[in-house]
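Here's the structure we're looking at; comments come further down.
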Protein chains: 4
Amino acid sequence: MESSTTHSDNTRHRGNRHGRSEEARQAVLEAADDLLAERGFAGVTMEGIAARAGVAKQTIYRWWPSKVDVLLEAFTEDMAEHLTPEDLGDLGADLRVHLARLADFLTESDPGAVFRALTGQAQHDPQLAARLRDDHLSHQRTRDALPLRRAIARGDLPADLDVDTALDHLVGPIHYRVLVTGAPVPREFTDDLVAAFLDRHRAGPR
Amino acid sequence: MESSTTHSDNTRHRGNRHGRSEEARQAVLEAADDLLAERGFAGVTMEGIAARAGVAKQTIYRWWPSKVDVLLEAFTEDMAEHLTPEDLGDLGADLRVHLARLADFLTESDPGAVFRALTGQAQHDPQLAARLRDDHLSHQRTRDALPLRRAIARGDLPADLDVDTALDHLVGPIHYRVLVTGAPVPREFTDDLVAAFLDRHRAGPR
Amino acid sequence: MESSTTHSDNTRHRGNRHGRSEEARQAVLEAADDLLAERGFAGVTMEGIAARAGVAKQTIYRWWPSKVDVLLEAFTEDMAEHLTPEDLGDLGADLRVHLARLADFLTESDPGAVFRALTGQAQHDPQLAARLRDDHLSHQRTRDALPLRRAIARGDLPADLDVDTALDHLVGPIHYRVLVTGAPVPREFTDDLVAAFLDRHRAGPR
Amino acid sequence: MESSTTHSDNTRHRGNRHGRSEEARQAVLEAADDLLAERGFAGVTMEGIAARAGVAKQTIYRWWPSKVDVLLEAFTEDMAEHLTPEDLGDLGADLRVHLARLADFLTESDPGAVFRALTGQAQHDPQLAARLRDDHLSHQRTRDALPLRRAIARGDLPADLDVDTALDHLVGPIHYRVLVTGAPVPREFTDDLVAAFLDRHRAGPR
DNA sequence: CATTAAGCGAGACGGTACGTCTAGTCTTATG
DNA sequence: CATAAGACTAGACGTACCGTCTCGCTTAATG
């Protein structure tokens, strides 16, 4: 939350040679988030963000190339702490909790809505798609994989498990419902995904 | 002015008391398709379609409410015959072939690109999402389900199988790769999906 | 005042394939005039004209390249009938009346204010200067010369009079006061200009 | 870095408690002049001057209220020595030389171009008009009047001559050509103005 | 000789207007 | 009566300057 200003007094600067105004930055990110929530992606415009944030358009263009960059930063800031799976010491429990939280994040939360919008826009914009993958998705997949890696370390899963493919089987159907069919993603659905995964990979060898 | 219309009368009407011009309709659909292929979704504009099709904007608005409707109709027309699973008499074979064709359709084909664009846009537009589901997705899911229903009829799958959930497990990871991670979807991946499904549901009765 | 529409009913069209909207044209010209009168040249902006005229900016740009073109057209329309010297049959009387009216036009009238603004702007813009000269000034000088030409025809002035130079002597000091010194241009001043001219050119030969 | 500062200390201060930086002042004036010459009045912007002069915008605003003030100062500095009529002891000769130099100044010189631009801008800005009159024009008119006043003192012109009006007759047509018609102002034209003046005012007493 | 205060370059800020683009509506003449 | 043509209102786009505001540096007179 502490921007890279050199001084550390309580007086908030409003933009000068030390760098940008943290105040303006926050106002822009919040305005973008609010507009997305209230009016949808098409309702997020540079003019709208500027007006709502009480900021000049040029200030937005100075720091963000486009409105998706604003949303991307807002998104990154919002989630950060979210969606890191707990370590309950049990693969099944870890996965059940994590997938349920993932489903909830994607379908219910505000940052989840931003994610859906950005993923939608990424279908039209390969550069955005790449940025989403590099800046966000790769980290999330690393977090998603934690329960599997811990289970492998414990010997609860075979050491040669194809983790990437396993993740796709686990989270793919959730994203599919969210992005394509629009069907709800209840706890039974995520639990069943975990059950299918455990059936195959843990029951087999034992 | 000579477009590839399907009918072959020598007298081409251009819109009059006989009803709408098939010529104009085809020109619009093709122009929209071409623009999507050449310049991406943002490059598809009503003005652009009209200019390219040699058609007045009003003519487009008369028959289609928005540009996504044009794309939707072009898409529907294009796919129709695609993606109806064959009946080889064997569940595993049916699914393997079908999922491989689905993956190929989504990642390689022109209508697949339209589908990705429309699904992307549907994230911003709930009405489009509903229309996509009603006009297209529901039919596709019915087709996707055919191998499962045949297997149930044959007794190769339990009668109480939750077909919807099963479909989500089968096609969800494919869509996830296509829409989210951008990873390729090779034959091994789709075959593995089928293997996981068969392990779980056919091994049981054995 | 009758624009070049082909039909002649009383129904005012609002822009279609027959051509532009006369309604919009008039609204733009009036708005520009009003703004110049109320807020000065800097207060005349494309956005301001559009807002005041209840017209889209694009409509202005469609027909006029810049705000000075709008003012130029407004000016041309406004003056037309003005400043054609009467024929009283007497050189002195003709000139005295005409110069007095010219002075009044330049210092008091609304179109005179537009003329001053345009002439001011022409100092920054050679193209505007050329257009002002070609479209307006040359015609005005032809009108200004009428009394002289009639006097020559009557034999009241020598046939070899340098009319251009004579005009400069007559109207130059008036413009100088208006544009440079800002001094008032009373009737005595214009009458004196005429007296000086007559002293030299008519009194001499006789 | 070597600018033409008037003081000649070896240590050039760059602005401190002793007062403003002469270096910065000169750089600003030169930059404004250069921009006017190269890009016209519209090309003279505060940002442009600052960038070209290597000076902060604030420094300009600290000393000049607007860009026309910068130009006005540059202009005043440039002309000063120009356009003071010589005393040849003969009214006709004095006037002929002076008007020719005036015409040349207005049409050919760099400061003449600045004068035209400022006079143009003054049509849009009454405050600038007043300042131009007070700071510059009044002095110039005093200088212009010198030959007349000397002739009056010598008895070559009537003591009750209306000097102001006489000046308007002499220099008005020149300014009119420069500012309005754009016609050239050759020596014959200025000589003829003098001839007309002498005819009227010197011939009388004869 | 350290302090202090003014001028400086730098540059971010809230704004306004620019000129362009596309959306979606409307009107008319043609076939 | 559907069409091509195209003018219309509306509003977002991204850019250029405006004039204001810190900020940290430099510098010379003051204490």
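Below, chains carry the letters A, B, ... as their sequence lines are ordered, and counting in each starts from 1. On a predicted model such as this, the values are computed, not experimentally measured, just so you know.
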Grab the N/O contacts between the protein and nucleotides 17-20 of chain E below 3.5 Å, and write none if there aren't any.
{"from": "E:dC18", "atom 1": "OP1", "to": "C:Met46", "atom 2": "N", "distance (Å)": "2.8"}
{"from": "E:dC18", "atom 1": "OP2", "to": "C:Met46", "atom 2": "N", "distance (Å)": "3.0"}
{"from": "E:dC18", "atom 1": "OP2", "to": "C:Glu47", "atom 2": "N", "distance (Å)": "2.7"}
{"from": "E:dG19", "atom 1": "OP2", "to": "C:Tyr61", "atom 2": "OH", "distance (Å)": "2.6"}
{"from": "E:dG19", "atom 1": "O5'", "to": "C:Tyr61", "atom 2": "OH", "distance (Å)": "3.4"}
{"from": "E:dG19", "atom 1": "N7", "to": "C:Lys57", "atom 2": "NZ", "distance (Å)": "3.0"}
{"from": "E:dG19", "atom 1": "O6", "to": "C:Lys57", "atom 2": "NZ", "distance (Å)": "2.8"}

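Separating the CD1 atom of B:Ile60 from the C1' atom of F:dA4 is a distance of 12 Å, rounded to the nearest angstrom. Distance D:Glu22 CD to F:dT27 P: 18 Å, rounded to the nearest Å. A:Trp63 places its CH2 atom 11 Å from the P atom of E:dG11, with the value rounded to the nearest Å. Atom CD in C:Glu23 sits roughly 12 Å away from atom P in E:dT27 (whole-Å rounding). The interatomic distance linking B:Ile49 (CD1) with F:dA4 (C1') rounds to 17 Å, in whole Å.
When the side-chain contact (heavy atoms from CB on, under 4.5 Å) test is applied to A:Ala113, the partners found at least two apart in sequence or on another chain are A:Arg116. Taking A:Arg131 as the reference, A:Asp69 meet the salt bridge (Lys or Arg N to Asp or Glu O under 4.0 Å) condition, with sequence neighbours excluded.
In terms of position on DNA chain E, the residue among D:Arg62 and A:Ala24 whose nearest nucleotide sits closer to the 5' end is D:Arg62.
Annotation: A:Arg62, atom CZ; neighbour count of heavy atoms from other residues, nucleotides and ligands within 6.0 Å is above 12.
Sorted by first and then second residue, the pairs that involve residues 24-64 of chain C and meet ring pair (Phe, Tyr, Trp, His ring centres under 6.0 Å), not counting sequence neighbours, are C:Phe41-D:His124.
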Go through the steps for B:Leu29 and B:Glu73 under the test side-chain contact (heavy atoms from CB on, under 4.5 Å), then give the verdict.
CA-CA 8 Å; B:Leu29 296 181; B:Glu73 180 167 337; 3.9 Å; yes
Less than 3.5 Å apart, which donor and acceptor atoms pair up between the side chains of residues 45-58 of chain D and the rest of the protein, not counting sequence neighbours?
{"from": "D:Thr45", "atom 1": "OG1", "to": "D:Gly48", "atom 2": "N", "distance (Å)": "2.8"}
{"from": "D:Glu47", "atom 1": "OE2", "to": "D:Lys57", "atom 2": "NZ", "distance (Å)": "2.7"}
{"from": "D:Arg52", "atom 1": "NH1", "to": "D:Glu38", "atom 2": "OE1", "distance (Å)": "3.2"}
{"from": "D:Arg52", "atom 1": "NH2", "to": "D:Glu38", "atom 2": "OE2", "distance (Å)": "2.7"}

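Note on A:Thr59: every side-chain N or O is 4.0 Å or more away from OP1 and OP2 of E:dA12.
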